[in-house]
Undergrad: 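The structure that follows is given in the form of structure tokens.
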Amino acid sequence: MLLDAMKKIDYVPPLHFHTYPAPGPMTKSPDGKNALSLTIFEEHAPFTANPVAAEFVKVFNERATKASLPDTSVEVQAAASYSAWQILEAGVRGANSFDDKAIAAWLRKNRVDTIHGRLRFDGPHVLC
């Protein structure tokens, strides 16, 4: 929306930064020129050195293609959502419970392997 507004006043920024964009649409759009962003996952090495991550990318690509999605690549939201499910699954299995307090207690005491690496939930800025 901001880039559209800038076009209306004939302004093209020399660079523009996006936090966690969907990279597929951005790379296919002329508005993506000179865009900068950060990411927590991309579907290539070193991110896919983890066998679980590589399998996730393979299955996601296959299913996205079969569903005729316009962009079949794993992007930030897909990877973050998968990682969230990995954390929840580890918490439920580790606590052997569906109780949120039991899951949170287990997560505070244990690290969880995800496609983003080994995560911990015992630091001062953790919300669980």
Undergrad: If you measure from the Lys or Arg side-chain nitrogens to the Asp or Glu carboxylate oxygens, is any gap between Lys58 and Glu62 under 4.0 Å?
TA: yes
Undergrad: Would you give the length of the straight line joining atom CG of Asp113 to atom CG of Leu119, rounded to the nearest 0.5 angstrom?
TA: 8.5 Å
Undergrad: So, for His116 and Ala79, which heavy atoms are closest and what is the spacing to 0.1 Å?
TA: CE1-O, 3.4 Å
Undergrad: Using 0.5 Å steps for rounding, measure from the CG atom of Asp4 to the CG atom of Asp31.
TA: 6.5 Å
Undergrad: Quick one: are Phe56 and Asn61 in side-chain contact, heavy atoms under 4.5 Å?
TA: no
Undergrad: Rounded to the nearest 0.5 Å, how far does CG of Asp100 lie from CG of Leu88?
TA: 10.5 Å
Undergrad: When you compare the side chain of Phe121 with that of Ile87, does any pair of heavy atoms fall below 4.5 Å?
TA: yes
Undergrad: Minimum heavy-atom separation for Tyr11 and Pro14, please, with both atom names.
TA: OH-CD, 3.5 Å
Undergrad: Just how far is it from atom OG1 of Thr72 to atom CZ of Arg63, taken to the nearest 0.5 Å?
TA: 14.5 Å
Undergrad: Are any non-hydrogen side-chain atoms of Phe17 and Leu38 less than 4.5 angstrom apart?
TA: yes
Undergrad: Using side-chain heavy atoms (C-beta onward) and a distance below 4.5 Å, is His16 in contact with Leu3?
TA: yes
Undergrad: When you compare the side chain of Asn34 with that of Val12, does any pair of heavy atoms fall below 4.5 Å?
TA: no
Undergrad: Can you see whether Asp99 engages Ser97 through a side-chain donor-acceptor pair at a distance of less than 3.5 angstrom?
TA: no
Undergrad: Treating Ile, Leu, Val, Met, Phe, Trp and Tyr as nodes and any side-chain heavy-atom pair under 4.5 angstrom as an edge, say whether Val57 and Val52 lie in one connected cluster.
TA: yes
Undergrad: Tell me the closest heavy-atom pair linking Ile115 and Gln86, and the distance in Å.
TA: N-OE1, 2.9 Å
Undergrad: Is there a continuous path of hydrophobic side-chain contacts, each under 4.5 Å between heavy atoms, that joins Trp85 to Trp106?
TA: yes
Undergrad: Would you indicate whether Asn96, at its atom CG, is surrounded by more than 12 heavy atoms from other residues, nucleotides or ligands within a distance under 6.0 Å?
TA: no
Undergrad: Taking side chain as C-beta onward, heavy atoms only, is His44 less than 4.5 Å from Phe47?
TA: yes
Undergrad: Calculate, to the nearest 0.5 Å, the distance between atoms CZ and OG1 belonging to Phe60 and Thr65 respectively.
TA: 9.5 Å
Undergrad: Can you measure from CD (Glu43) to CD (Glu75) and round to the nearest 0.5 angstrom?
TA: 10.0 Å
Undergrad: Evaluate the side-chain proximity of Ile40 to Ser83: yes if any heavy-atom separation is below 4.5 Å, no if none is.
TA: no
Undergrad: Short question: side chain of Glu89, backbone of Val92 - any donor-acceptor pair under 3.5 Å?
TA: no
Undergrad: For the side chain of Ser81 and the backbone of Ala78, is there at least one donor-acceptor N/O pair under 3.5 Å apart?
TA: no
Undergrad: Is Phe41 close to Val76 at the side-chain level, that is, under 4.5 Å between some pair of heavy atoms?
TA: no
Undergrad: Look at Arg111 together with Asp122 and state whether they make a salt bridge at an N to O cut-off of under 4.0 Å.
TA: no
